[in-house]
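So the structure is just underneath, and the comments pick up after that.
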Amino acid sequence: MPEMLEIEAYRRAAEPVLGRTVSSVHAPDEWYAKGDTTTDQLRAVLTGVTVTGLRRIGKLMLVDTDGPVLGLRYGMTGRILVDEAAPIEALEYSSDRNDPAWDRFGVDFSGGGSLVIRDPRRLGGVELDPDESKLGPDAAAVTRTPFGAIVSGSSAPLKARLMDQAKLAGLGNLLVDETLFRAGLAPDRRANSLADEEISRLHRTMRRTIMVLGERGGSHTGDLQPARVRGGLCPRDGAELNRADVGGRTTYWCSQHQH
DNA sequence: ATTGTGGCCTGCCCGC
DNA sequence: TGCGGGCAGGCCACAA
């Protein structure tokens, strides 16, 4: 599913639309307009604007224009199509089918081309001028000191804290499980129980994991990923993996080396 | 404020 | 062969 790595790939794929002007807006799904935004508003406000920038904070993609900022969320199954081409053809837990009926939002540009969100399960959404201050620092960029404060500032399970987008933006279920697997930390530890050395190790490991999986091609390319099934065994030491709900998400971790 | 829970969306897969 | 239940998780509303 799209976590920050996939959203970054989407952002890069969208770069050809920089400088283009929106000629028409396709917004057939009222459910897909989030916050105070309506589909009428999307059509009225975006028609005629020129794209001036493309940014990403965590899983939120931001399209800057000479009008409002357009915020795009992809949920679990959303993909981007730029000029009819998809940079990522298949997603974990999504369909291999590719049905235009799943186009929930899109814009056409003067002189040709388009930007479309195709999302079978409608878990993504579109919002005008989203409140960027509601997100914590991006996980790929956060430095040790603020990261330490984020981890230490909560008694919630470590995994829940790392997935709290208001505190740290970008990690989803797969990236977090892979990071904790590599760092040797148990997801159900209380976040504020980590020693300084463990926080440093977690910070290093998180950033390295984001980098490595980014190079491999996505959040589903982790070493733990093939073992994330019932009865799976730890790829590092062969021990049984624990499977439990942590932070509201199905979580796999090694019964031996993650403490 | 923090933390935890449940529901939403829908396609796919498994077992009967 | 068809059918139904369970499952996936990002996000939000809500409760305590």
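Proteins come first, then strands; the chains are lettered A, B, ... in the order of their sequence lines, and each starts at number 1.
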Within 6.0 Å of CG in A:Asp36, more than 12 heavy atoms from elsewhere: no
Please check if atom CG in A:Asp196 has more than 12 non-hydrogen atoms from other residues, nucleotides or ligands closer than 6.0 Å. no
Check every strand shown and say whether A:Arg104 touches a base, only sugar-phosphate, or nothing at a heavy-atom separation below 4.0 Å. nothing
Kindly work out whether a path of hydrophobic side-chain contacts (I/L/V/M/F/W/Y, heavy atoms less than 4.5 Å apart) joins A:Tyr252 to A:Val246. no
Within this structure, what is the CG-CD distance for the pair A:Asp40 and A:Glu30, rounded to the nearest 0.5 Å? 6.5 Å
Gap separating the CG atom of A:Leu174 from the CD atom of A:Glu3, nearest 0.5 angstrom: 5.0 Å
[X] [atom1] - [N] [atom2] separation (whole Å):
X        : N      : atom1 : atom2 : answer
A:Tyr252 : C:dC7  : OH    : P     : 10 Å
A:Asn173 : C:dC11 : CG    : P     : 12 Å
A:Leu162 : C:dG10 : CG    : C1'   : 16 Å
A:Gln225 : C:dG9  : CD    : P     : 9 Å
A:Asp245 : B:dG7  : CG    : C1'   : 14 Å
A:Trp31  : C:dA13 : CH2   : C1'   : 11 Å
A:Met4   : C:dG10 : CE    : C1'   : 15 Å
A:His220 : C:dG9  : NE2   : P     : 14 Å

Go through it in stages, so that I can follow the logic: the residues are A:Arg144 and A:Ser200, the test is side-chain hydrogen bond (donor to acceptor under 3.5 Å, both in side chains), and I'd like the CA-CA distance, side-chain angles, deciding distance and then a yes or no. CA-CA 7 Å; A:Arg144 167 65 175 79; A:Ser200 293; 2.9 Å; yes
Side chain of [X]: nearest nucleotide among [options]?
X        : options               : answer
A:Leu123 : B:dC9, C:dC7, B:dG11  : B:dC9
A:Thr250 : C:dG10, C:dA8, C:dC7  : C:dA8
A:Arg243 : C:dG9, C:dC7, B:dT2   : C:dC7
A:Pro120 : B:dG11, C:dG10, C:dC7 : B:dG11
A:Ser154 : C:dA8, B:dC9, B:dT3   : B:dT3

[X] side-chain N/O to [N] phosphate OP1/OP2 under 4.0 Å:
X        : N      : result
A:Arg122 : B:dG11 : no
A:Thr77  : C:dA8  : no
A:Arg73  : C:dG10 : no
A:Trp102 : B:dG11 : yes
A:Lys59  : C:dC11 : yes

Polar pair under 3.5 Å, donor/acceptor by atom type, side chain A:Arg121, base C:dA8: yes
First of A:Arg249 and A:Arg190 reached from the 5' end of DNA chain B, by closest nucleotide: A:Arg190
